[in-house]
There are 2 protein chains.
Amino acid sequence: MTAHPGKPVTGAYHGPVSACVPSHPNRRAVDGDLGWDLGIVFRAHAKAARAALGDVPGGPRGFQVLVAACAEQHGSQAAIARTLGIDRTVMTYLLDDLEAADLVRRIPDPNDRRARRLTVTPAGHQLLAELERRMAALEAELLVGLPDGERTALLAGLRRMAARLEAIDPVHDRCDLAEAVDP
Amino acid sequence: MTAHPGKPVTGAYHGPVSACVPSHPNRRAVDGDLGWDLGIVFRAHAKAARAALGDVPGGPRGFQVLVAACAEQHGSQAAIARTLGIDRTVMTYLLDDLEAADLVRRIPDPNDRRARRLTVTPAGHQLLAELERRMAALEAELLVGLPDGERTALLAGLRRMAARLEAIDPVHDRCDLAEAVDP
DNA sequence: TATTGTTATACTCTATAACTATA
DNA sequence: TATAGTTATAGAGTATAACAATA
């Protein structure tokens with residue numbers, strides 16, 4: 001079972017840009033305080049996801065690994081770790097638990113005896129289907145209250161933004177944006 | 001100076017809803033994988049913010065406290081901690097550093113001898129102005145590439161969503177959404 | 001020499017509880 | 001009894017470096 005990590009993104013933070021704070025009188029409502037709203041929405045999603053995936057071995061990251069292992073059939077640990085932007089040492093702990101729960105299996109790569117290919121077990125596929133239902137429900141629940149038009153606009157905007165950010169600087173080391181910000 | 005916290009939200013995580021992974025062939029592009037995109041955008045902002053606010057005593061949270069203390073003039077530590085959703089023990093460490101840097105001051109509340117009111121020093125105000133410039137630049141930089149229409153739609157959608165989530169369950173303990181998600 | 005996967009260690013942040021002093 | 005603020009302790013999570021096996 002190991003002692004390892006599991007769930008990242010613990011909790012609070014992120015910053016209001018305007019000189020005031022949400023629900024405060026002199027808050028600048030128009031400028032769309034990206035950082036603050038983003039933080040609220042992100043944390044709401046993260047918290048709901050943690051709750052919904054609580055029984056999955058590595059929590060949300062275990063789920064991610066499951067998803068990625070399913071998508072990249074027989075990818076190596078390292079490949080999948082890179083895809084997800086998680087450290088390979090963390091991947092080891094994660095897989096220890098996922099494998100112990102019979103959700104994935106590490107199979108020696110015949111072509112490269114250093115590597116191990118990941119396979120999702122039948123139980124893994126079954127759980128994955130269940131988890132995706134949960135996540136879809138969760139997402140729908142989060143978006144309740146947004147008119148259809150706004151909802152699609154929001155999702156489209158987020159997708160485009162995410163795509164651009166990924167293009168600039170894939171997953172892990174993302175350090176470019178800082179330079180653009182200079183006194 | 002203390003040993004204290006500082007920067008939360010360390011790094012990776014958050015989950016793709018679809019059975020696949022970004023930039024992977026069989027990814028469902030239309031459903032707008034909220035969790036995944038949200039994670040990318042959030043982390044990009046968080047990382048840029050950490051870099052931009054690196055010299056501020058508590059990092060992004062120090063900035064937040066500064067902002068809140070400025071908005072809620074002479075609010076008590078506890079009040080501001082509640083506003084920001086940070087623990088009062090963390091607030092202590094944060095303020096130790098902010099006060100040591102002469103950015104805020106703890107002034108005994110004459111009406112309640114247990115409480116201390118926070119005041120932003122002149123140096124604090126000056127720094128705050130500078131930081132807000134940086135944060136605005138950062139936000140603009142993040143949104144580059146989004147057509148004007150999409151940008152306002154995205155910000156509006158985020159704001160509405162955040163407002164609703166805040167109404168459901170203010171800042172800290174946000175545990176309702178989980179119930180809506182049931183097999 | 002570089003890479004895959006593993007393990008061990010140290011460090012950072014957070015959560016909890018205990019304590020003082022007021023109310 | 002409850003609250004404001006502080007302090008100390010233990011825990012979860014991360015990052016780093018070192019290692020063995022292979023390329």
Side-chain angles (χ1 to χ4, degrees), chain A residues 1-14 43 46-47 50 54 57-62 65 74-100 104-118 172-173, chain B residues 1-14 43 46-47 50 54 57-62 65 74-100 104-118 172-173:
Chain A
M1 269 291 157
T2 64
H4 63 283
K7 318 161 192 167
V9 169
T10 13
Y13 137 89
H14 237 213
R43 279 189 295 278
K47 183 158 190 173
R50 267 195 306 275
R61 295 183 89 160
V65 170
H74 307 297
S76 72
Q77 287 188 204
I80 289 177
R82 271 191 299 268
T83 302
L84 294 174
I86 64 186
D87 196 87
R88 62 185 213 270
T89 66
V90 176
M91 184 59 104
T92 297
Y93 304 135
L94 239 30
L95 287 176
D96 284 348
D97 294 355
L98 288 172
E99 198 169 25
V104 302
R105 225 162 266 144
R106 294 187 247 216
I107 298 174
D109 183 333
N111 297 18
D112 183 343
R113 291 197 342 215
R114 296 171 301 181
R116 299 166 170 224
R117 294 165 173 274
L118 295 185
H172 4 329
D173 62 83
Chain B
M1 269 292 157
T2 63
H4 63 284
K7 316 161 192 167
V9 171
T10 13
Y13 142 86
H14 237 216
R43 278 189 296 277
K47 183 158 187 171
R50 266 196 306 276
R61 294 184 88 160
V65 170
H74 308 298
S76 72
Q77 288 188 204
I80 289 177
R82 271 191 299 267
T83 303
L84 295 175
I86 65 187
D87 195 87
R88 62 186 215 268
T89 66
V90 175
M91 184 59 106
T92 297
Y93 304 135
L94 240 28
L95 287 175
D96 284 348
D97 294 356
L98 288 172
E99 197 169 28
V104 302
R105 225 162 266 146
R106 293 188 248 218
I107 298 174
D109 183 333
N111 297 18
D112 182 343
R113 291 199 340 219
R114 297 170 300 180
R116 298 167 171 222
R117 293 165 173 277
L118 296 185
H172 4 328
D173 61 83

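Protein chains get the first letters and strands the later ones, always in sequence-line order, with residue 1 at the start of each. Because only heavy atoms are used, hydrogens play no part in the values below, and waters and symmetry mates are left out as well, while side chains stay in.
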Any side-chain N or O of [X] less than 4.0 Å from the OP1 or OP2 oxygen of [N]?
X         : N       : result
Arg50(B)  : dT12(C) : no
Arg117(B) : dA4(D)  : no
Thr92(A)  : dT6(C)  : yes

Can you give one letter per nucleotide of nucleotides 16-23 of chain D, 5' to 3': B if a protein heavy atom sits under 4.0 Å from the base, S if only from the sugar-phosphate, - if neither? BBB--BBS

Non-neighbouring partners of Arg117(A) that pass salt bridge (charged side-chain N to carboxylate O under 4.0 Å, His left out), sequence neighbours left out: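 Scan of Arg117(A) (salt bridge (charged side-chain N to carboxylate O under 4.0 Å, His left out), adjacent residues dropped) gives Asp109(A).
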
Salt bridge (charged side-chain N to carboxylate O under 4.0 Å, His left out) partners of Arg113(A), counting only residues at least two apart: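 Residues passing salt bridge (charged side-chain N to carboxylate O under 4.0 Å, His left out) with Arg113(A): none at all.
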
Taking atom [atom2] of [N] as reference, at what distance in whole Å does atom [atom1] of [X] sit?
X         : N       : atom1 : atom2 : answer
Met91(A)  : dT6(C)  : CE    : C1'   : 14 Å
Arg116(A) : dT3(C)  : CZ    : C1'   : 15 Å
Leu84(B)  : dT14(C) : CG    : P     : 13 Å
Leu94(B)  : dT12(C) : CG    : C1'   : 14 Å
Leu118(B) : dT6(D)  : CG    : C1'   : 15 Å
Arg106(B) : dA4(D)  : CZ    : C1'   : 12 Å
Ile86(A)  : dA15(D) : CD1   : C1'   : 14 Å

Working note: Glu99(A) + Leu95(A), criterion side-chain contact (heavy atoms from CB on, under 4.5 Å); need CA distance, chi angles, decisive distance, verdict. CA-CA 6 Å; Glu99(A) 198 169 25; Leu95(A) 287 176; 5.6 Å; no

Audit row: Arg105(B), Leu118(B), side-chain contact (heavy atoms from CB on, under 4.5 Å) steps and yes/no: CA-CA 6 Å; Arg105(B) 225 162 266 146; Leu118(B) 296 185; over 6 Å; no

Can you tell me how far the CG atom of Leu94(A) sits from the CZ atom of Arg88(A), to the nearest 0.5 Å? 15.5 Å

Can you tell me how far apart CZ (Arg82(B)) and CE (Met91(B)) are? Round to the nearest 0.5 Å.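 The CZ atom of Arg82(B) sits 10.0 Å away from the CE atom of Met91(B).
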
If you apply the rule side-chain contact (heavy atoms from CB on, under 4.5 Å), what do you find for Arg61(B) with Leu98(B), and how did you get there? CA-CA 11 Å; Arg61(B) 294 184 88 160; Leu98(B) 288 172; over 6 Å; no

Proximal nucleotide (of dG5(D), dT14(C), dT14(D)) relative to the Arg61(A) side chain: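 In terms of side-chain proximity for Arg61(A), the closest of dG5(D), dT14(C), dT14(D) is dT14(D).
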
